[in-house]
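Here is the structure we will look at.
No experiment lies behind these values; they were computed from the predicted model shown. First listed ligand is number 1; within each ligand, the first listed atom is number 1.
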Amino acid sequence: MRYGRGVRNVCVFLSSSPGRPSDVAAVVGLGPELVRRDLTLIYGGAHRGLMGVLADAVLDAGGRAIGVIPQALVEREVAHRALTELHVVDTMHQRKAMMFELADAFVVAPGGLGTIEEAFEQLTGLYLGYHRKPVVFFDIDGFWPRLEAFLDHALATGMLRPEARALFRTASSASAALDALDVW
Ligand code: AMP
């Protein structure tokens, strides 16, 4: 499949924790789906948790995986040593900036503070018009609807504008998530 809007590099934000068996299965499926579409994975460079599972799935399928990790996390998050490229940077800010520069689009799989922080930075940038790179939340086993319920609460209380709420989009399969990047 060719991507009309020039999507070649997809940054995936996801957990450095192991997650549920359903998370692992879905993330294992996302790897070959990226490769089948000739998309390069950009991610945080760790070999830990779901991050490592995804990078291994991409590499096992013969694809390209590029990691960006701060020096301070090389040990703690176990930098992946078999990636197509591993960029070791000085700070978390540089990590996010480099992932943003390399990426044409973002997929957000289940994760914790790091994943949510990274994803919301991109959503905010989109909302404020700093970029036009699509962001899609890959919902696995009912992970994101709880956050959507909170966003609906923020909408109802007037804290969130409808245009901003509409930017939070989910897809419930790997192929639907990648399709959504194309039809953005
Ligand atoms: P988590 O979802 O908390 O497991 O984190 C997923 C990834 O996000 C980990 O590699 C964290 O190191 C990373 N992360 C957390 N906070 C930031 C940040 N401010 N900038 C860049 N990466 C971050």
Side-chain angles (χ1 to χ4, degrees), residues 9-31 34 39-59 63-128 130-131 133-151 167-172 174 177:
N9 295 343
V10 174
C11 180
V12 181
F13 298 130
L14 73 174
S15 187
S16 55
S17 301
R20 303 160 292 179
S22 52
D23 294 314
V24 174
V27 166
V28 164
L30 176 60
L34 286 162
L39 296 168
T40 297
L41 169 68
I42 311 296
Y43 86 114
H47 210 164
R48 258 187 45 179
L50 294 179
M51 296 173 75
V53 169
L54 177 60
D56 285 341
V58 168
L59 295 170
R64 299 174 300 275
I66 298 177
V68 186
I69 194 164
Q71 182 64 55
L73 294 183
V74 163
E75 299 291 323
R76 192 165 126 199
E77 294 194 348
V78 192
H80 197 305
R81 297 299 181 182
L83 297 174
T84 315
E85 289 173 28
L86 176 67
H87 299 275
V88 180
V89 296
D90 289 332
T91 67
M92 292 292 251
H93 284 110
Q94 288 173 357
R95 178 198 234 180
K96 273 195 302 187
M98 189 170 192
M99 288 197 290
F100 173 78
E101 290 305 326
L102 291 171
D104 302 311
F106 301 91
V107 170
V108 189
L113 287 182
T115 300
I116 292 166
E117 192 266 351
E118 290 166 324
F120 272 73
E121 176 174 299
Q122 300 312 333
L123 280 185
T124 308
L126 199 53
Y127 176 62
L128 295 175
Y130 282 95
H131 69 84
K133 300 181 182 185
V135 181
V136 173
F137 287 73
F138 179 13
D139 186 47
I140 302 170
D141 214 355
F143 191 80
W144 292 120
R146 289 171 169 82
L147 184 53
E148 289 191 281
F150 170 76
L151 294 177
L167 292 174
F168 191 98
R169 302 180 321 140
T170 62
S172 55

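For the residue pair Arg64 and Thr84, no side-chain donor N or O sits within less than 3.5 Å of a side-chain acceptor on the partner.
No side-chain heavy atom of Phe137 sits under 4.5 Å from any side-chain heavy atom of Glu148. In this structure, Ile66 and His87 have side chains that are in contact, with non-hydrogen atoms separated by less than 4.5 Å.
At a heavy-atom cutoff of 4.0 Å, ligand 1 is surrounded by Leu14, Ser15, Ser16, Met51, Leu73, Glu77, Met92, Arg95, Lys96, Gly111, Gly112, Leu113, Gly114, Thr115, Glu117, Glu118.
Residue pairs meeting the ring pair (Phe, Tyr, Trp, His ring centres under 6.0 Å) criterion with at least one partner in residues 96-116, sequence neighbours excluded, are Phe13-Phe106, Phe100-His131.
Not a single donor-acceptor pair under 3.5 Å links the side chain of Arg81 to the backbone N or O of His47. A donor-acceptor pair under 3.5 Å links the side-chain atoms of Arg95 to the main chain of Val68, judged by distance alone.
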